[in-house]
Asker: 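Let me begin by handing over the structure; questions about it come next.
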Amino acid sequence: MRVAFVGKGGAGKSAISGTFARLLARRGHPVLAIDSDPLPGMAYSLGLPHDDAPLPDEAIEDRPDDEEGPRYRLRAGLSPVEAVERYAATAPDGVRFLQFGKVRTDPRALFRSQFAFRQIIRELPVDRWDLVGDLPGGTRQPFTGWGGYADTFLIVVEPMAKSLLSARRLARLASSGDRPVRVVAVANKVTEAVDAEHISRRTGLEVVAAVPLDPVFAAAERAGKAPLDAAPDSAGVQAVSSLVDRLEKEHPRMKVTP
Amino acid sequence: MDFSGQVVVADLEAGVGTLTRLGDAGVDKVLIIVEPTPKSVEVGSRAAAIVADKSLGEVVVVASRVQSDDDLAMIRKAFPDHQVVPVPDDPAIVAADRDGQAPLDTAPDAPAVQALTALAGDLLATA
């Protein structure tokens with residue numbers, strides 16, 4: 001399974017994707033959570049302390065002038081799988097967590113790490129980890145190559161006019177690439193029974209989960225805790241669990257560890 | 001362009017990407033919208049650092065969706081050197097958003113709208 005959560009800023013991508021990754025891992029799947037947001041987010045929802053650290057310089061080398069390819073790359077001899085095993089953090093439930101680092105003031109400080117990060121994801125063997133990505137809000141990253149690993153885009157949509165508009169644009173962009181991907185919606189902060197249907201009608205997307213507006217789930221966010229730790233029995237966590245059930249059934253190729 | 005005598009209000013993209021790419025064109029005020037969550041406070045702190053680093057303008061922190069004194073205290077603690085303006089969590093804003101309407105049209109007297117009206121007045125008086 002290779003999924004990426006996208007949507008407008010504030011739609012709830014990190015909380016849902018972090019919870020999704022851990023629930024998937026609890027069912028025995030090897031999960032790599034991929035955070036390509038230059039700002040902190042997914043780590044909180046996984047239950048990890050946030051950390052700015054980029055991939056270290058020892059993992060990266062400059063491309064020699066007489067060779068073609070990206071400016072920086074993984075050090076010769078370091079495979080993408082080894083890089084994950086060595087440099088990805090380990091979150092609760094055994095989820096591995098990979099990021100290229102977080103920006104403080106100058107994003108150029110992360111260039112080297114970004115090149116290596118993208119190479120790792122591009123070249124990972126498909127059967128090693130299930131990938132769960134949390135892409136930054138908006139449209140810039142998901143469809144400029146950063147979401148290239150995903151076979152399913154989950155657009156997190158709130159039942160609000162602005163969020164619906166963003167979702168329609170994201171859906172168009174997701175479907176306009178040169179490879180087939182599945183694009184579906186996750187309705188978030190749902191308060192009324194008709195919300196999911198409304199989102200489906202307005203976006204033209206299949207709604208694969210409806211996560212209710214849940215004060216307990218929201219309180220976890222306010223406390224900076226993973227919803228799965230702070231509110232394991234909440235309606236929000238239950239809804240994400242149902243989403244895991246559904247995608248698990250729909251991805252027969254997904255590897256399950258013994 | 002010459003904007004003298006006019007008010008320009010820019011709504012930047014989420015995150016700090018646009019801030020990091022802005023040149024040295026300063027503004028009078030940079031309003032950083034922060035919710036009372038550690039994640040939002042962390043992002044807001046980084047935005048404030050970039051604004052200071054690039055001398056873009058004076059920072060005003062807008063504490064949005066504040067539900068309690070604790071919420072506000074958490075944000076004030078993170079921004080001890082900045083003015084912090086609370087905007088309460090307000091169902092009228094949520095309802096307007098759901099309907100795709102401007103809160104100022106649908107709920108001009110709602111507490112959050114009132115807080116923003118006061119903020120606009122302050123900015124006009126001091127900018």
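FYI, side chains are in, hydrogens and waters are out, and symmetry mates aren't considered; it's all heavy atoms of this structure. Below, read A as the first sequence line, B as the second, and so on, with proteins coming before strands; counting in each chain starts at 1.
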Asker: Do A:Leu164 and B:Arg98 have side chains that approach each other closer than 4.5 Å (heavy atoms only, starting at C-beta)?
Answerer: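 With C-beta onward as the side chain, the pair stays apart.
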Asker: Output the option from A:Ser163, A:Ser45, A:Ala161, A:Pro40 having the highest count of non-hydrogen pairs under 4.5 Å with chain B.
Answerer: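 Most heavy-atom pairs within the cutoff with chain B belong to A:Pro40.
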Asker: Counting only heavy atoms closer than 4.5 Å, note whether B:Gln101 contacts chain A via side chain, backbone, both or neither.
Answerer: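 Neither; nothing under 4.5 Å.
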Asker: Return yes when atom CG of B:Asp69 has more than 12 non-hydrogen atoms of other residues, nucleotides or ligands closer than 6.0 Å, and no otherwise.
Answerer: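 At most 12 heavy atoms, drawn from other residues, nucleotides or ligands, come within 6.0 Å of this atom.
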Asker: At a heavy-atom separation under 4.5 Å, does A:His50 approach chain B through its side chain, its backbone, both, or neither?
Answerer: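 For A:His50, the contact with chain B is made by the side chain alone.
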Asker: Checking heavy atoms, do the side chain of B:Val94, its backbone, both or neither come under 4.5 Å from chain A?
Answerer: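 Contact with chain A: backbone and side chain both.
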Asker: Identify which part of A:Lys102 has an atom lying under 4.5 Å from any heavy atom of chain B, answering side chain, backbone, both or neither.
Answerer: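 The answer is both parts of A:Lys102.
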Asker: Between A:Asp52 and B:Arg46, does any side-chain N to carboxylate O distance fall below 4.0 Å?
Answerer: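 Salt bridge: yes.
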Asker: For A:Gly41 versus B:Lys39, what's the shortest heavy-atom pair and its separation?
Answerer: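 Taking A:Gly41 first and B:Lys39 second, the nearest heavy atoms are O-CE, 3.4 Å.
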Asker: Does any backbone or side-chain atom of B:Asp53 lie under 4.5 Å from a heavy atom of chain A? Answer side chain, backbone, both or neither.
Answerer: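 The side chain, not the backbone.
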Asker: Please list, in residue-number order, every residue in residues 221-238 of chain A that has a heavy atom less than 4.5 Å from any heavy atom of chain B; write 'none' if there are none.
Answerer: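 Against chain B, the residues of residues 221-238 of chain A that fall inside the cut-off (heavy atoms, under 4.5 Å) are A:Glu221, A:Arg222, A:Ala223, A:Gly224.
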